[in-house]
Amino acid sequence: MKIVLIGTGFVGVVSAAVYASFGHEVVGLDIDERKVASLKKSTVPFFEPNLESLLKEQQSSGNLTFTTDYEDAITGADVVMIAVGTPSAEDGTADLRYVLAAARSAAPFLKDSSILAVKSTVPPGTLQEVKAEVDAVRSEHGASGSYFLASLPEFLREGSAVHDTLHPDRVVIGADDQFVFKTLTDLHKPLQAPIVKVSPESAQMAKYAANAYLATRITFINQIADLCKKNRADVDEVVQAIGLDARIGDHYWYPGFGYGGSCFPKDVKELAAYSRSIGEGDNLFNKVNDLNEERIERVMDQFSKTVGGWAGKKVAVLGLSFKPNTDDMREAPSLKVIPYLIQNGASVTGYDPKALDVVPQFLTEEILGDPSKLALSTTIEEACAQADVILALIEWSQIVSFEYGKVRDTSKDQWFIDARNQFDKATLQKLGYSYTGIGKS
Ligand code: UDX
């Protein structure tokens, strides 16, 4: 089969490499010449474990190529997948302009009986918009033959994207035609995953519902954690107790500074906007979004009381990306935590195993106010030297497994803030730190 992935962002590159590994002829297509030039050399412009090696392997086998040429790529393709970005517009709605532009550019070259599948996260109704634009371009070009549409949502997580794509919990195929179901089922057979065949609208709603549910779950446990903090309960013990209820489960329950990343914040807002656009209430989704947006300031205010105020404190912030195993800074807690600390009179030394190169693009002078108050360190030792407070923000394994006795400064009192409840309180206390975590005293 010839497969084209339009958009060589996160989802596009990972999916292209995985489909190529099944032995298909796969083309990654992007209008960004610099990105394509670097992908041709197997260089990925972001950090994702195991991706570069898979890319190299599939490129040298000849199964995977990259191009900026629509005609070359689309001609003869059996399946064309659109995996471009859908940024949120001002009012929270999904901005479909890149999806529609990709569909228009591919339109003249779609062969008879090919499948045009949308992988980008889009609201119900999008395939009708895609069809209108594609049909208009095809009739302008006098293109012959018919094509099929499908929705193929993606559920991979950053930091484990290759693994998730190779071992998905399910593959959701949204279509209205048996030929499409059969072709896409065959394509995903090597994954040995359950295949859910539904309407395009159900597939699109499933993607929003999954992300909004997980975001709501995180918001829920964060709310419970705040109550625990006030009443001597320990949220980790609460999770242990509720998790054994099979209806609830013990996974995906860790509290923290709120959810971040490129999907949850955006998808919750989009679902609220979609709900409003069709005349339905958006109370739940809006509330989840508001609680998550307010969260960092609330938590930092709480910790301020614990550590005796931030003014004049030297704070080591460990973990700057939005989660471990990625250098993605989108909606990372550090982007709110560090300016908050500086504006409240602290000086900060930040450490991250992978994101240090990209941090300055996000933590600009405008955001920081006084950039001289932020230093970046390539080692945990350096970041923690003489710190009054160590704030372990993201659970990178380097940060969790570090021996904090090495940086304990016995000449002063030092606080250790465990923002992900990853550390053993007694061990840190034995080293001389004052310990505090989320949802526990
Ligand atoms: C998410 C979805 O998991 C994935 O299915 C979808 O395709 C894209 O969005 P991702 O954003 O890569 O993936 O990361 P994920 O590991 O799900 O974490 C999202 C955010 O929630 C992170 O900020 C993480 O720290 C936070 N989180 C996650 C919690 O605060 N607590 C948890 O229990 C789990």
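Note that these values count all heavy atoms, side chains included, but never hydrogens, waters or copies made by symmetry. The structure displayed is predicted, hence computed values, not measured ones. Quick note: residue numbers are just sequence positions, from 1. Read the numbers this way: they start at 1 and go in the same order the structure lists the ligands and their atoms.
- Contacts between E154 and ligand 1, counted as non-hydrogen atom pairs separated by less than 4.0 Å, involve the backbone only.
- With atom 24 (C) of ligand 1 as the reference point, the heavy atom nearest to it among W253, Y254, F264 is part of Y254.
- Comparing F10, F155, Y259, Y252 by heavy-atom distance to atom 18 (O) of ligand 1, the nearest is Y252.
- For the ring pair (Phe, Tyr, Trp, His ring centres under 6.0 Å) test with Y404, the passing option among Y435, W415, F416 is F416; the others fail.
- Any N or O atom pair closer than 3.5 Å counts here, and G258 shares no such pair with ligand 1.
- The closest approach between a heavy atom of G261 and any atom of ligand 1 is not below 4.0 Å.
- Judged by the 6.0 Å distance and 45° axis criteria, R170 is positioned over the aromatic ring of F155.
- Residues K354 and W396 form a side-chain contact, since some pair of their non-hydrogen atoms from C-beta on lies under 4.5 Å apart.
- A salt bridge links K189 to D186: at least one charged side-chain nitrogen sits closer than 4.0 Å to a carboxylate oxygen.
- Taken to the nearest 0.5 Å, the OG atom of S42 stands 6.0 Å off from the NZ atom of K56.
- Nearest residue to atom 26 (C) of ligand 1 from D164, I218, D169 is I218 (criterion: closest heavy atom).
- Contact between H251 and ligand 1 is absent, with no heavy atom of the residue lying under 4.0 Å from the ligand.
- Scanning all heavy atoms of the two residues, the minimum distance from K207 to P153 falls at CB-CB, 3.8 Å.
- Each of I390, V400, L391, L393 was scored for a side chain to side chain contact (heavy atoms under 4.5 Å, CB included) with L318, with one residue passing: I390.
- Using a 4.0 angstrom heavy-atom cutoff, R420 counts as in contact with ligand 1.
- Residue-level proximity to ligand 1 for K323 is carried by the side chain, the only part with a heavy atom below 4.0 angstrom.
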